[in-house]
Amino acid sequence: MTDDWTNVPSGILEFLPRKLHLQPNHPISITRQTIESRFPPSHFTHYNDLNPVVTTHQNFDSLGFPADHPGRSRSDTYYINASTCLRTHTSAHQAETFQSNAKSGYTITADVYRRDAIDRSHYPVFHQMEGARTWNRSKGDITADILADLNAIPSNDLVVEDDNPTVHAERNPLQLSHSAEEVEAVAAHLKRSIEDVVVAIFKHARDAALASEDASIRQEAEKPLRVRWIEAYFPFTSPSWELEVFWQGSWLELLGCGVVKQELLNNAGASNKIGWAFGIGLERIAMLLFSIPDIRLFWSTDKRFLSQFNESATLRRFVPFSKYPGAKRDISFWVRDQASAAGGGIPLSYHENDVMQIVRDVGGDLVESVALVDAFKHAKTSRMSYCYSINYRSLERMIPRSEANDLHNAIGEQLVAKLGVELR
Ligand code: PHE
């Protein structure tokens with residue numbers, strides 16, 4: 001099974017059976033149900049148990065990712081072997097689901113995996129929901145069908161900014177086989193469906209914020225909800241958009257979506273269909289809905305966390321239990337391999353995600369954040385020095401000083417062994 005492309009550590013494989021999106025009363029599962037409820041079973045199949053191990057064809061090729069797309073690199077993706085990986089997004093299942101789904105729409109909620117930074121909003125595993133809806137182009141007046149479905153979506157009082165035309169010749173082109181009229185209709189249905197989801201989510205978030213003790217949080221929550229549509233690019237949709245929501249004083253990027261590339265539908269045996277798809281991250285929404293301050297909490301099995309959520313009650317803000325003191329430790333190293341400084345940038349002879357993975361392998365959830373705090377070039381040897389600050393803090397207990405020191409030393413040893421750096 002494994003080969004010289006394998007890079008998935010055993011610690012990551014332990015997440016596969018957890019399925020937080022199906023765990024009763026878990027905030028990720030509550031968030032999933034809140035969104036699913038806007039996509040009724042009359043039109044949508046809800047898939048929640050698709051296998052996270054997928055082929056690189058499913059995850060990338062079937063979606064039109066070019067061969068040199070950075071998302072394919074071993075520094076970004078967990079590979080089981082050269083042709084199999086842990087899905088990096090729920091879109092990995094688009095092709096097979098367009099082929100097998102008996103209804104006109106579906107949602108897919110699943111755990112997805114990405115090698116990434118370590119901080120309060122990044123974790124190597126998170127959850128996404130994909131949604132899609134199609135119409136049959138070969139029968140009758142498809143535009144009239146779509147507009148009839150559009151009228152069935154409840155209207156809302158969102159303040160919507162949508163400044164760009166649906167289609168832009170260079171930036172957001174109409175697909176060759178589509179008419180402008182049908183794409184206008186699909187886009188209108190997509191946008192209204194997503195706005196309907198946003199209203200449902202933020203109704204809860206606003207109720208919770210209105211109950212806050214903080215007057216400025218209450219004041220922000222009283223204002224009408226604003227969203228804006230902006231042009232985007234995905235290899236598997238065109239035109240494409242992102243939706244941003246104005247929440248507590250700043251614009252928040254919420255999701256990506258667009259009109260599904262016809263080639264993908266054709267390859268899935270659905271060449272008579274046209275439709276839309278979207279993908280949304282659940283952690284960020286759950287953090288905002290429940291005021292959860294750190295993404296690691298979702299994985300906690302501590303009763304003080306889990307007992308605060310109840311899917312059949314109205315939603316309440318999470319009350320943090322005691323915050324334990326953290327321990328900050330710096331680690332500095334020389335990069336032995338002298339990558340040339342072509343272009344004047346800082347030469348990197350390692351990938352930062354490899355540092356992150358080593359820290360995760362050793363420190364697990366005892367690490368709150370890792371940040372590059374210094375980088376310089378030695379004037380004589382022209383070697384590079386990097387310094388990372390690692391913040392050790394458990395969400396559940398006090399970490400003794402000696403334990404933080406042991407973890408820190410072990411991380412240093414692993415950096416030397418695996419990356420060939422020289423500790424300073
Ligand atoms: N898969 C995309 C992502 O992870 C989101 C997306 C899904 C965009 C479906 C368009 C359509 O960023």
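Computed from a predicted model, the values in this text were never measured in an experiment. Note that ligands are numbered from 1 as they come in the structure, with each ligand's atoms numbered from 1 the same way. Sequential numbering from 1 along the given sequence is applied to the chain's residues.
Among protein residues, H89, S91, Q94, R114, Q128, E130, F234, F236, T237, G256, C257, A277, F278, G279 come within 4.0 Å of ligand 1, judged on heavy atoms.
Using modelled atom types and a 3.5 Å distance limit, the side chains of H204 and D207 yield no donor-acceptor pair. T45 and N101 are linked by a side-chain donor-acceptor pair at a separation below 3.5 angstrom, with hydrogens and angles left out of the test. There is no side-chain donor-acceptor pair under 3.5 Å between N353 and Q357. Side-chain contact of E368 with N391: a donor-acceptor pair under 3.5 Å is present, judged by distance alone. Counted by atom type alone, Y123 and D294 present zero donor-acceptor pairs between their side chains at under 3.5 Å.
Atom CD of Q99 sits in a crowded spot, with more than 12 heavy atoms from other residues, nucleotides or ligands closer than 6.0 Å.
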